[in-house]
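Shown next, in structure tokens, is the structure this report addresses.
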Amino acid sequence: MDSIVSTEYPEFLVREKKVQVHSLPELRNVKGKVVMRMAPSPSGPLHIGHSRMAILNDEYVKRYGGDLILRIEDTNPSNIDPIAYEQIPEDLKWLEVNVTKTVIQSDRMGLYYNEAKTLLANGYAYICTCTSDQFKTGLMHSVACPHRNSAPETNLDQFQGILDGKFKPGEAVLIIKTDLAHPNPALRDWIAFRISEVPHPRHGRDFRFYPMMNFSVAVDDRLLGLTHVIRGKDHINNTEKQKYIFKYNKWKLPEYYHYGLVDFPNVILKTSIIKKGISNRTYSGWDDIRLGTLLAFRKRGFSPGTFRRYWVESGMREVDSEFSLEIFYSMNKELIDMNTRRLFFIPDPVRIHISDAPPTKVSVPYHPTNSSLGTRKYSLPKDPEVFVPGGDWKATEDGHILRLKDMCNLEKKGELGIFRGASLMDRKMKIIQWSPADGLDFTVYKPDGTSDTGKIEPFAKDFRGVAQLERYGYVNVTSSHVGYFTHK
RNA sequence: GCUCCGAUGGUGUAGUCCGGCCAAGCAUUUCGGCCUUUCGAGCCGACGACCCGGGUCCGAAUCCCGGUCGGAGCACCA
């Protein structure tokens, strides 16, 4: 039947448009609910790179049900910015990520010490007092250091000695034994604890022996009952290291996934650079719109849904990729456009006189198709003065006609616009935005660090939020005289 | 140097596990056309890709081998 239709009556074949539904692949071994986690280090607020891990984990917990744990990994006191404890949960909330449980690793030190003692007692770990160089050189040559074969009792004594302050930073570490002959040098015996005397923002000097990320992650992944772990490809070797802890304790492994690395061209993400810039006043703060922080995108008026769409579409493949601001902007536009009001902003304004014009009442729709957004109305006197974009005005030759949108046609004559009727004569003519003479001074700050100044129409006085400034771009209007550029 | 990943248009992806419906889909960008009192959207159309070389096979984007290129790790960071 199908073939008859297609050969004899091809015109009856309705070719259905394939709708691409981007959805993430199913996870392996899902038995009922899942337990997943996000584990940012509290070095500062979240940036767009973090949003991928947050969204992916959130998507799966939403799909299967279960818990999404926010685990703040603050076991390196040198790398903590206290504002992160507050800001990370807030950033996630803004992203509409549903965190069901929050744990802070520095509050769990006792658990890590217990696990460390168990491993020492069972001969799976040792305390090493070599210098860093000696230790590393040994690994590269697959040679055991003298401490690797210490008796468990000796190790446990030294462990206690470290807690008691008998060693200075750098004088002793706790090492997990793996396989010195492992072909991958990255996986040979690894450091699980080191001494730090830097005061911890939450605990001051209560602790001096801190677990390294690989140790606390492995212990917590088990203790918190993680079923699936999704994180960046840069953790592939770390996963292998962590598996040793699971193996020694005969713990069941979660399912691991590693997505590819994303390069963010022209986006400033590095915490160290941002902090430096804030302290030397290059940047106004974490929400400076030149930055790639979620706070900055928020200030520019982005919809959190855009992050979700972008990362779901990117999937979980291990391929590295380049972040496309172009596509990101396009997705945001698609999400917000239908409910975004139009306003007139006149960059580089020139004040012109209109002659021969009767008093006029104009009604300008806030949206070309979504009439529920309403209109704004202006009453203009006879022969009014208005602002128009300088660029457009200068580019128009004397004698030519252009149209002030939703108002009237003007024939240019020097600094004068001669009224040439109110009705649209020819929609091919150039149509520009305008503002009554009482337009407000307005500045738009842009992510490239530049800004545009001009006049915004009086109705913007009480408007807040993202508007499409016609023929200019989307802007988050935050006051009657300032806005932040979202995108074109 | 060692270990491990990966390679589809300008960009982001689908397909690769289990070879054929893929002379490769979608999105974005660019360029046309229609429509609209901005832009965008919408609709129509155009340009544009399976890293290279072998092999297996009736048949390879998909499997195998060898290259090339790119990335990650080899921290008392996460």
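Throughout, protein chains are lettered first and strands after them, A, B, ... in sequence-line order, and every chain is numbered starting at 1.
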- prompt: Using 4.0 Å as the upper bound for N to carboxylate O, is an ion pair formed by A/Glu115 and A/Arg222?
  reply: no

Open item on the list: Does a side-chain N or O of A/Arg194 approach OP1 or OP2 of B/A78 to a distance below 4.0 Å, or not?
Closed with: yes

A/Pro185 has its side chain closest, among B/U3, B/A78, B/C39, to B/U3

### Task
Please state whether the base of B/G71 and the side chain of A/Glu318 form at least one donor-acceptor pair under 3.5 Å?
no

B/A27 phosphate, OP1 or OP2, under 4.0 Å from A/Ser330 side-chain N/O
no

Result for 5'-nearest mapping on RNA chain B, choosing between A/Tyr472 and A/Asn184, is A/Asn184

Quick note, A/Arg342 side chain, CB onward, closest among B/A78, B/C39, B/U28 is B/C39

Side chain to side chain donor-acceptor pair (under 3.5 Å) pairs touching residues 165-183 of chain A, sequence neighbours excluded, are none

*Do we get A/Arg231 above A/Tyr257's six-membered ring, with its NZ or CZ under 6.0 Å from the centre and within 45° of the axis?*
no

In whole angstroms, the gap separating P of B/U38 from CZ of A/Arg403 amounts to 10 Å

A/Lys405 NZ to B/G40 P, in whole Å, measures 13 Å

The nucleotide from B/G12, B/C76, B/A72 with an atom nearest the side chain of A/Asp234 is B/A72

- Query: Do A/Phe215 and A/Phe193 have ring centres separated by under 6.0 Å?
  - Reply: yes

Review point. OP1 or OP2 of B/A14 less than 4.0 angstrom from a side-chain nitrogen or oxygen of A/Arg317, does that happen here?
Key: yes

Counting only Watson-Crick and G-U wobble pairs with both atom distances below 3.5 Å, the stems of 3 or more consecutive pairs that include RNA chain B are B:1-7 with B:68-74, B:10-13 with B:25-28, B:30-34 with B:42-46, B:51-55 with B:63-67

Using OP1 and OP2 only, check whether a side-chain N or O of A/Thr369 sits under 4.0 Å from B/G42.
no

Note: for A/Pro169 and A/Met140 on RNA chain B, the residue whose nearest nucleotide lies more 5' is A/Met140

